Amino acid sequence: MASLIEELITTLEQEYEIYEKLVPIEEKKTKIIVKGDLESLQQITEQEQGIVEKINHLERKRAEVVNNIGIVIGKDPQILRVQTIIEILDKQPKEQQQLTRVHEKLKKTVLKLADINEHNNSLIQQSLEMIEFNMNFIQSAQMLTMNNGYNKGASQFDTPVMGTGIFDTKQ
């Protein structure tokens, strides 16, 4: 069991280190979104994908270790959480302290990333709304200029009204 706990601590430490590397990338992404630099946004998204693949690998490894710990202690691995394992380690204060420390660091970093991502999503949503507004404005302006044409006899000639645009304003 001790080796499984050590493996869990090591895996969580590795996850923490990767998540810590992701924080400045996400903060940089915020600046890129604000600038509207699509090329840089594409590059940073590709960089994120590589990091996410590493996180997914470590997350599968963590789940496997927790599953093995559950089998050893006779608990259902599907409902076993790191916090539960920490509580079980009351007779092993050193491992309990290490696991608690890495678990808290990881939790804090993940929450920070969630906040940054929520902010980035909000910025992207605002950008999309602005694009939709501009598209509708341009479409309205085009329709107005097309419908206000007069011929030599000072009578208005019929111009077909433009169809629906890319964005549906009724949604």
Side-chain angles (χ1 to χ4, degrees), residues 1-135 166-169 171:
M1 166 98 162
S3 65
L4 288 173
I5 298 299
E6 288 175 21
E7 188 176 358
L8 178 60
I9 291 169
T10 301
T11 303
L12 292 175
E13 282 285 352
Q14 291 171 343
E15 274 190 273
Y16 167 73
E17 289 170 8
I18 292 174
Y19 276 114
E20 273 296 303
K21 290 177 184 176
L22 197 55
V23 170
I25 293 170
E26 292 300 313
E27 289 171 340
K28 182 178 177 183
K29 186 177 182 179
T30 301
K31 294 175 184 169
I32 290 171
I33 292 169
V34 169
K35 283 179 21 182
D37 184 353
L38 295 179
E39 187 175 317
S40 295
L41 185 59
Q42 177 66 31
Q43 290 171 352
I44 206 162
T45 301
E46 290 171 7
Q47 188 178 5
E48 284 175 324
Q49 289 301 318
I51 292 172
V52 168
E53 287 175 20
K54 291 177 185 176
I55 290 170
N56 287 337
H57 170 73
L58 287 170
E59 191 59 25
R60 285 189 298 274
K61 183 177 177 183
R62 183 205 55 80
E64 182 182 323
V65 172
V66 169
N67 185 51
N68 291 338
I69 290 171
I71 292 169
V72 169
I73 62 175
K75 298 259 186 189
D76 183 4
Q78 298 298 331
I79 60 171
L80 188 60
R81 303 286 174 249
V82 173
Q83 190 61 44
T84 308
I85 296 170
I86 290 171
E87 293 167 7
I88 292 171
L89 291 173
D90 59 344
K91 293 181 181 154
Q92 298 169 316
K94 180 183 174 194
E95 288 82 4
Q96 187 181 42
Q97 183 181 10
Q98 287 176 325
L99 190 55
T100 300
R101 183 182 52 75
V102 70
H103 182 252
E104 291 300 318
K105 288 188 329 184
L106 184 57
K107 191 163 63 171
K108 182 179 174 184
T109 303
V110 168
L111 288 174
K112 183 176 183 177
L113 279 169
D115 287 343
I116 295 169
N117 280 333
E118 186 176 318
H119 181 67
N120 286 348
N121 285 336
S122 175
L123 289 171
I124 290 171
Q125 187 62 39
Q126 289 173 8
S127 293
L128 289 173
E129 288 171 2
M130 184 57 94
I131 290 168
E132 182 176 3
F133 173 80
N134 287 336
M135 293 291 293
I166 296 173
F167 296 102
D168 182 7
T169 59
Q171 286 184 351

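When reading the values below, keep in mind they use all heavy atoms of this one structure, side chains included, and skip hydrogens, waters and symmetry mates. Nothing fancy with the numbering, it's 1 onward along the sequence. All values derive from a computational prediction rather than experimental measurement.
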Which distance, rounded to the nearest 0.5 Å, do you find between the [atom1] of [X] and the [atom2] of [Y]?
{"X": "Asp37", "Y": "Gln42", "atom1": "CG", "atom2": "CD", "answer": "11.5 Å"}
{"X": "Ile69", "Y": "Leu8", "atom1": "CD1", "atom2": "CG", "answer": "5.0 Å"}
{"X": "Ile32", "Y": "Thr45", "atom1": "CD1", "atom2": "OG1", "answer": "8.0 Å"}
{"X": "Leu41", "Y": "Ser127", "atom1": "CG", "atom2": "OG", "answer": "9.5 Å"}
{"X": "Ile73", "Y": "Ile88", "atom1": "CD1", "atom2": "CD1", "answer": "3.5 Å"}
{"X": "Lys28", "Y": "Ser40", "atom1": "NZ", "atom2": "OG", "answer": "7.0 Å"}

Flag yes if more than 12 heavy atoms outside Gln97 fall under 6.0 Å of its CD atom; otherwise flag no. no
Stepwise side-chain contact (heavy atoms from CB on, under 4.5 Å) test for Met135 and Ile131: CA-CA 6 Å; Met135 293 291 293; Ile131 290 168; 4.2 Å; yes
Answer yes or no: is there a side-chain heavy-atom contact under 4.5 Å between [X] and [Y]?
{"X": "Gln43", "Y": "Gln47", "answer": "no"}
{"X": "Leu4", "Y": "Glu7", "answer": "yes"}
{"X": "Ile55", "Y": "Leu22", "answer": "yes"}
{"X": "Glu26", "Y": "Thr30", "answer": "no"}

Pairing residues for Arg101 by the salt bridge (charged side-chain N to carboxylate O under 4.0 Å, His left out) criterion, not counting sequence neighbours: Glu13
Show me the donor-acceptor pairs, under 3.5 Å and distance only, between side chains in residues 102-119 and residues at least two apart or in other chains.
from   : atom 1 : to     : atom 2 : distance (Å)
Thr109 : OG1    : Glu20  : OE2    : 2.8
Thr109 : OG1    : Lys105 : O      : 3.0
Asn117 : ND2    : Leu113 : O      : 3.4

Residue pairs passing the side chain to side chain donor-acceptor pair (under 3.5 Å) test with at least one member in residues 68-87, sequence neighbours excluded, are none
May I ask you to say whether Glu64 pairs ionically with Lys61, meaning some side-chain N is under 4.0 Å from a carboxylate O? no
Walk me through it: do Gln98 and Glu6 pass the test side-chain contact (heavy atoms from CB on, under 4.5 Å)? CA-CA 9 Å; Gln98 287 176 325; Glu6 288 175 21; 6.0 Å; no
Decide side-chain contact (heavy atoms from CB on, under 4.5 Å) for Ile5 and Ile85; before the verdict, give the C-alpha distance in whole Å, the side-chain angles of both, and the deciding distance to 0.1 Å. CA-CA 9 Å; Ile5 298 299; Ile85 296 170; 3.7 Å; yes
